[in-house]
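Each remark here refers to the structure printed beneath this line.
Chain letters run A, B, ... following the sequence lines, proteins first and then strands; every chain starts at 1.
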2 protein chains.
Amino acid sequence: MANTGETKRDTLFVGALAKGLRVLRAFDESKPEMSLGELAKRTGMDKSTIQRLANTLHLEGYLDKDPNTRRLRPSHAWLELAYCYYWSDPLVGTAMPKLIELSRQLGETINLAEISGDHIIYVSRLPCKRTYFAATIIGRRLPALSTSAGRAILSTWPEAEREAAIETWPLKVFTPRTVMDRDEIRRSIDETIANGFSVSRDQMLLNEMAIAAPIIGPDGRALAGVQCSVSAYTWDDARLRAEILPWLLDTANSISPALRS
Amino acid sequence: MANTGETKRDTLFVGALAKGLRVLRAFDESKPEMSLGELAKRTGMDKSTIQRLANTLHLEGYLDKDPNTRRLRPSHAWLELAYCYYWSDPLVGTAMPKLIELSRQLGETINLAEISGDHIIYVSRLPCKRTYFAATIIGRRLPALSTSAGRAILSTWPEAEREAAIETWPLKVFTPRTVMDRDEIRRSIDETIANGFSVSRDQMLLNEMAIAAPIIGPDGRALAGVQCSVSAYTWDDARLRAEILPWLLDTANSISPALRS
DNA sequence: ATTTAACGTATCACTATGCGATACAGCACA
DNA sequence: TGTGCTGTATCGCATAGTGATACGTTAAAT
């Protein structure tokens with residue numbers, strides 16, 4: 001009745017489960033481990049509630065508890081879930097061997113990114129050179145409009161949806177050179193439509209260049225992209241197009257026809 | 001009261017959350033997507049219960065629902081959880097750049113495995129050659145006793161625990177040559193104690209060889225190992241020791257001292 | 001066409017179950 | 001020895017999850 005903000009939430013909604021999941025989501029790169037109190041503060045839930053939820057998550061193997069500090073951390077179960085995800089994603093199975101082959105050929109970092117709402121998410125990463133940590137691990141989400149993979153994907157969408165995305169999807173400053181001007185992004189995507197690939201630079205990290213090609217589905221619409229990420233210290237636009245692009249396109253195109261299901 | 005099999009489960013246990021988690025766990029490589037009915041069968045829960053739990057998981061973004069078939073699949077959220085895990089695991093951050101460097105040097109598949117109960121779990125994988133799918137994705141759990149990484153880890157443990165592990169930890173047949181004789185495993189681990197590394201062959205997959213070294217913690221006890229996996233068609237024991245082992249040991253040892261926290 | 005089955009969806013009364021205030025215990029820092 | 005943190009345990013109450021039942025739709029079978 002006197003429910004604070006929650007919308008209707010009918011009888012098919014299990015609040016206790018949702019709260020538990022929200023506890024999981026409370027962990028992130030800035031807070032990779034927490035005490036009960038911190039969790040309570042962060043989630044805004046009652047101390048007792050957190051106690052019960054955390055205890056349950058611990059007993060079920062989803063949270064590890066440091067025997068000394070009693071602080072809670074994500075457990076190996078979180079990795080097992082990723083393992084499951086991979087089996088359920090039809091794209092990964094067919095793409096993986098080709099991505100490995102590509103990374104071997106080029107000797108540069110190859111990523112597989114999928115669209116996830118208005119972000120892209122890195123589903124597979126094959127790092128070949130040292131980069132910063134976040135660039136080596138899967139599951140990272142980035143604003144689609146700011147990434148070459150996101151733009152490559154969008155370039156295959158019908159104009160209306162594409163335009164809506166360009167106008168409304170979120171942008172965030174990562175570097176001083178992250179493009180925040182939507183007109184400039186539109187131009188970049190228009191180029192991608194014409195060329196079939198997208199190049200970006202300094203968007204997430206200074207002196208990082210990326211080139212991406214869409215993996216086009218049966219309906220002509222891409223939901224994923226193959227991306228190659230290199231250092232601008234040793235690469236430039238011309239070399240990228242000459243030495244990387246042909247193989248990248250080959251790989252992306254060779255994955256596309258396999259998407260019959 | 002008339003509770004079927006469940007043990008006590010005191011007042012600090014949120015059954016609804018636990019059930020929801022059990023729904024997540026119902027998905028695996030053999031069942032990567034399911035209908036409500038299948039879920040009910042598989043979890044043994046009431047149809048209505050599954051309906052509510054699945055609906056909640058869907059609304060919270062943990063299950064994707066195919067608009068046509070209404071079947072449920074793991075969502076991208078499962079990958080985000082893995083992303084979180086990586087930030088919380090102190091080992092990964094220090095190990096990753098060195099593993100990348102190692103894989104580049106050797107041009108062979110490098111894995112980082114951690115002990116997780118009586119299994120090892122692959123935390124990071126850097127595939128360089130085509131292998132079968134399951135060998136390319138993180139989160140896979142394998143019986144520790146059957147893997148070179150598991151044996152390398154165990155070799156650093158105090159004798160009592162080590163012996164208990166050898167006697168009681170589970171074994172499973174993966175290939176006709178998977179070793180099921182615990183005495184033979186004990187001998188293999190004794191060798192590892194003497195040499196500081198472990199070699200295995202044909203254990204998970206025929207004609208697959210693996211060599212692993214422990215990453216030793218501050219207390220002298222390993223909880224993880226670096227493993228290199230190669231094809232027996234192009235490698236043999238002697239070459240493995242000559243061309244891979246030195247670098248592998250270097251890498252493992254260079255990670256160890258960084259584990260102060 | 002008609003039947004049957006299987007599935008996803010919706011409703012509802014009951015009470016088991018999760019809620020949160022409160023009190024207790026252990027460990028720091030002063 | 002106090003003070004303020006932790007994490008842990010208890011308990012009565014009413015909410016919130018339960019599971020039987022029923023409805024509607026789709027797909028295969030006759």
* Structure fact -> Assign each of A:Arg71 and A:Ala16 the nucleotide of DNA chain D bearing its closest heavy atom; nearer the 5' end lies the nucleotide of A:Arg71
* To do: Measure from the side-chain heavy atoms of A:Asp46 and tell me the nearest of D:dT8, D:dT18, C:dA21.
  => C:dA21
* Which of the following nucleotides, D:dG19, C:dG8, C:dG20, is nearest to the side chain of A:Lys19? -> C:dG20
* **Length of the line joining A:Asp66:CG and D:dT6:P, which is rounded to integer Å** => 16 Å
* Asked: So which one's nearest nucleotide on DNA chain D is more toward 5', A:Gly37 or A:Leu17?
  -> A:Gly37
* Can you check each nucleotide of nucleotides 23-30 of chain C against protein heavy atoms at under 4.0 Å and return B for base, S for sugar-phosphate only, - for none, in 5' to 3' order? => --------
* Contact nearer the 5' end of DNA chain C, comparing B:Leu36 with B:Arg52 -> B:Leu36
* Do B:Arg25 and A:Glu80 sit within salt-bridge range, that is, some charged N less than 4.0 Å from a carboxylate O? -> no
* Out of C:dC19, D:dT21, C:dA21, which has the shortest distance to the side chain of B:Ser48? -> D:dT21
* CG of A:Leu53 versus C1' of C:dC19: gap in Å, rounded? -> 11 Å
* Does the distance from a Lys or Arg side-chain N to an Asp or Glu carboxylate O, for A:Arg52 and A:Asp46, drop under 4.0 Å? -> no
* To the nearest Å, give me how far apart CG (A:Asn55) and P (C:dC19) are. => 13 Å
* Structure fact -> A:Phe13 CZ to C:dT9 P, in whole Å, measures 16 Å
* Plane angle bin for A:Trp157 and A:Trp169 - parallel if under 30°, tilted between 30 and 60°, otherwise perpendicular -> perpendicular
* **Nearest-neighbour nucleotide for the A:Leu12 side chain, D:dT10, C:dT11, D:dG7 considered** => C:dT11
* Integer-rounded Å distance: D:dT6 C1' and A:Leu39 CG -> 14 Å
* Asked: Side-chain N or O of B:Lys65 less than 4.0 angstrom from OP1 or OP2 on C:dC7?
  -> no
* Asked: Taking NZ, NE, NH1 and NH2 as the nitrogens, is one of them in B:Arg182 or B:Glu167 under 4.0 Å from a carboxylate oxygen of the other?
  -> no
* Structure fact -> Taken to the nearest 0.5 Å, the spacing of B:Ile50 CD1 from B:Met45 CE works out to 4.5 Å
* To do: Would you tell me if any nitrogen or oxygen in the side chain of B:Thr49 comes within less than 4.0 Å of OP1 or OP2 on D:dG19?
  => yes
